[in-house]
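Since the structure comes first, as structure tokens, the remarks are kept for the end.
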Amino acid sequence: MEQLLRQRAESIWTAAIRSVLPDEAVRRALERFHPQGRVFLVAAGKAAWQMAHAALAVLGRVDGGIVITKYGHVRGPLPGVTCCEAGHPVPDDNSFAATQRALALVSGLRADDTVLFLLSGGGSALFEKPLLPAEELQAITQALLACGADIVEINTIRKRLSAVKGGRFALACAPAAVYSVVLSDILGDPLDMIASGPACPDSSTCAQAAAIAEKYRLALSPAAAALLRQETPKTLPNVTTKITGSVRELCRAAADACRAEGYEPVLLTDCLCCEAREAGSLLGSIARTHAGHGRKRAFIAGGETVVHLTGHGLGGRNQELALAAAPALAGLCGCCVFSVGSDGTDGPTDAAGGYTDGEALAALTAAGLDVPRALADNDAYHALQAVGGLIMTGPTGTNVNDVAVVLTE
Ligand SMILES: O=C(O)C(=O)CO
């Protein structure tokens with residue numbers, strides 16, 4: 001690895017993620033929040049603790065609250081708020097128990113009460129009260145995650161199997177008002193799909209749910225099939241929603257961070273959504289085109305790529321992207337490609353993403369590793385680990401998709 005280049009890249013991803021922590025966005029979203037009665041805080045998702053922390057800094061206190069986030073994401077106690085950690089991406093008993101506590105908190109509220117609902121991606125697994133046996137919901141979730149369905153398809157099914165998704169949580173809060181602040185981790189910000197829209201009128205239909213179940217040949221019990229035929233709320237008069245942050249801010253923050261390191265930033269896209277390894281190969285080719293021109297340039301691509309699991313290795317979309325760039329980068333000086341998940345967890349790993357430069361391919365070869373073989377086995381984690389190419393940030397407190405950057409000079 002070229003050490004100085006790696007340090008510059010690290011400064012860029014660290015600064016970019018720091019500037020999309022939800023604190024400032026939550027503060028802005030609460031500028032016009034002046035409720036008259038009691039306020040109860042419910043925060044769910046990977047950024048829940050950070051969002052709740054920011055809201056408390058603005059409000060000073062709440063009349064009760066609960067944070068439901070992923071394991072390892074609670075950063076300390078919050079005054080007047082119960083902090084719970086639970087399973088992701090498949091809901092577990094702690095998801096169900098914490099959600100039950102949230103429902104108890106909002107039951108029996110009055111019309112002059114307000115539920116401040118802070119929502120971020122990951123909420124679909126963390127915030128759940130299933131309408132069918134837990135084991136069946138978990139099996140359907142696992143099947144949906146493995147079948148290649150996209151997040152909108154997955155959440156269209158999830159909504160109908162749940163007592164809190166697809167707007168049903170807002171119904172449970174009524175007659176209290178719900179003030180919902182949403183951090184987007186889905187491209188295009190479809191509000192009702194982010195964390196399966198617990199406080200958002202559902203735009204999807206039973207016919208769409210049936211078509212998705214058919215397309216992926218989901219194994220459903222008669223009870224689950226009947227739930228798919230039950231419509232979700234289409235209007236929710238007690239809800240006000242503010243969207244606070246998305247991948248666009250992440251790309252802007254990455255561009256600012258690149259500029260601060262002396263690179264001229266070029267935004268390629270903020271809606272990257274192709275296969276991770278194709279994106280990596282393309283970004284590697286972009287590096288090769290611009291290498292050696294004597295201009296320090298940074299090409300930025302934000303979004304969320306996809307991985308189709310064919311092997312049994314360990315990895316994530318950002319790691320696959322970075323590894324797939326290695327062949328095109330081989331031999332180039334001062335050029336690298338990195339890709340990082342803003343939430344700090346890429347796939348089922350403890351890495352946030354991956355980094356490769358002009359020396360990576362030779363290092364992989366020297367370690368007896370082969371890029372196509374590692375990709376075929378979906379084992380980017382171990383390949384990158386062998387050459388110091390893993391990006392480790394730990395849970396970051398935000399969740400606004402991923403950013404990939406090509407640095408050239
Ligand atoms: O559904 C979820 O929880 C997601 O992560 C997408 O918002």
Side-chain angles (χ1 to χ4, degrees), residues 20 22 42-51 67-71 73 84-92 94-96 98-99 102 117-130 137-138 140-147 149-162 164-169 180-200 202-204 209 212 232 241 243-248 250 271 273 302-307 316-318 341-348 352 395-402:
V20 292
V42 177
K46 289 191 203 167
W49 187 91
Q50 197 80 26
M51 292 178 83
V67 162
I68 310 174
T69 193
K70 186 173 168 172
Y71 293 115
H73 284 51
C84 306
E85 292 185 331
H88 178 278
V90 177
D92 66 3
N94 286 334
S95 315
F96 308 139
T99 305
F117 186 49
L118 308 173
L119 188 67
S120 52
S124 291
L126 301 163
F127 194 60
E128 181 60 296
K129 175 175 176 163
L137 178 80
Q138 288 162 331
I140 294 172
T141 307
Q142 245 141 7
L144 281 166
L145 293 171
C147 71
D150 67 31
I151 190 69
V152 170
E153 292 174 322
I154 294 174
N155 288 356
T156 297
I157 300 286
R158 278 168 155 172
K159 285 179 184 193
R160 287 173 171 73
L161 306 178
S162 169
V164 290
K165 295 175 163 55
R168 288 171 175 154
F169 177 64
S180 175
V181 179
V182 181
L183 195 64
S184 174
D185 72 331
I186 304 188
L187 301 187
D189 308 337
L191 263 183
D192 69 307
M193 290 296 169
I194 298 163
S196 303
C200 194
D202 181 23
S203 68
S204 71
I212 294 161
T232 41
T241 303
I243 183 141
T244 56
S246 70
V247 72
R248 283 182 298 281
L250 178 62
C271 46
C273 57
E304 194 166 293
T305 58
V306 292
V307 165
R317 55 185 183 265
N318 292 284
S342 60
D343 61 2
T345 49
D346 186 37
T396 59
T398 192
N399 186 10
V400 284
N401 301 112
D402 309 335

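Worth saying up front: this structure is predicted, and the values here are computed from it rather than measured. No hydrogens, no waters, no symmetry mates; every other heavy atom, side chains included, goes into these values. Counting convention: from 1, in listed order, for ligands and their atoms alike.
- Of all atoms in ligand 1, numbered sequentially from 1 with element shown, those under 4.0 Å from a heavy atom of Ile186 are 6 (C), 7 (O).
- Here's the thing with Ala125: none of its N/O atoms is less than 3.5 angstrom from an N/O atom of ligand 1.
- In this structure, Leu126 CG and His73 NE2 are separated by 8.5 Å, a value rounded to the nearest 0.5 Å.
- Looking from atom 7 (O) of ligand 1 to the surrounding protein, the closest heavy atom is Asp185 OD1, 2.5 Å.
- Under 4.0 angstrom from ligand 1, there are no non-hydrogen atoms of Asn399.
- The closest approach between Arg158 and ligand 1 falls below 4.0 Å for a heavy atom of the residue.
- Contact atoms of ligand 1 toward Asn155: 1 (O) (distance under 4.0 Å to a heavy atom of the residue).
- Atoms CG and CG, from Leu191 and Asp202 in turn, are 12.0 Å apart once rounded to the nearest 0.5 Å.
- Using a cut-off of 4.0 Å between Lys/Arg side-chain N and Asp/Glu carboxylate O, Lys46 and Asp185 are scored as not salt-bridged.
- By the criterion of a heavy-atom distance under 4.0 Å, neither the backbone nor the side chain of Leu126 is placed next to ligand 1.
- With rounding to the nearest 0.5 angstrom, the NZ atom of Lys165 is 7.5 Å from the OG1 atom of Thr99.
- At a heavy-atom cutoff of 4.0 Å, ligand 1 is contacted by no atom of Ile154, backbone or side chain.
- Using a 4.5 Å heavy-atom cutoff, the side chains of Pro22 and Thr244 are not in contact.
- Counting only heavy atoms from C-beta outward, the side chains of Arg158 and Ile151 approach each other to under 4.5 Å.
- With atom 3 (O) of ligand 1 as the reference point, the heavy atom nearest to it among Gly45, Pro89, Ala44, Gly122 is part of Gly122.
- Residue, atom and distance of the protein heavy atom nearest to atom 1 (O) of ligand 1 are Ser124 OG, 2.5 Å.
- Ligand 1 has an N or O atom lying under 3.5 Å from an N or O atom of Gly123, backbone or side chain.
- Atoms of ligand 1 lying under 4.0 Å from at least one heavy atom of Ile151, given by number and element, are 1 (O), 6 (C).
- Using the six-membered ring where Trp is involved, Phe127 and Phe169 have ring planes that are perpendicular, over 60° apart on the 30 and 60° scheme.
- Judged as a side-chain hydrogen bond (donor to acceptor under 3.5 Å, both in side chains), and not counting sequence neighbours, Thr241 has no contacts.
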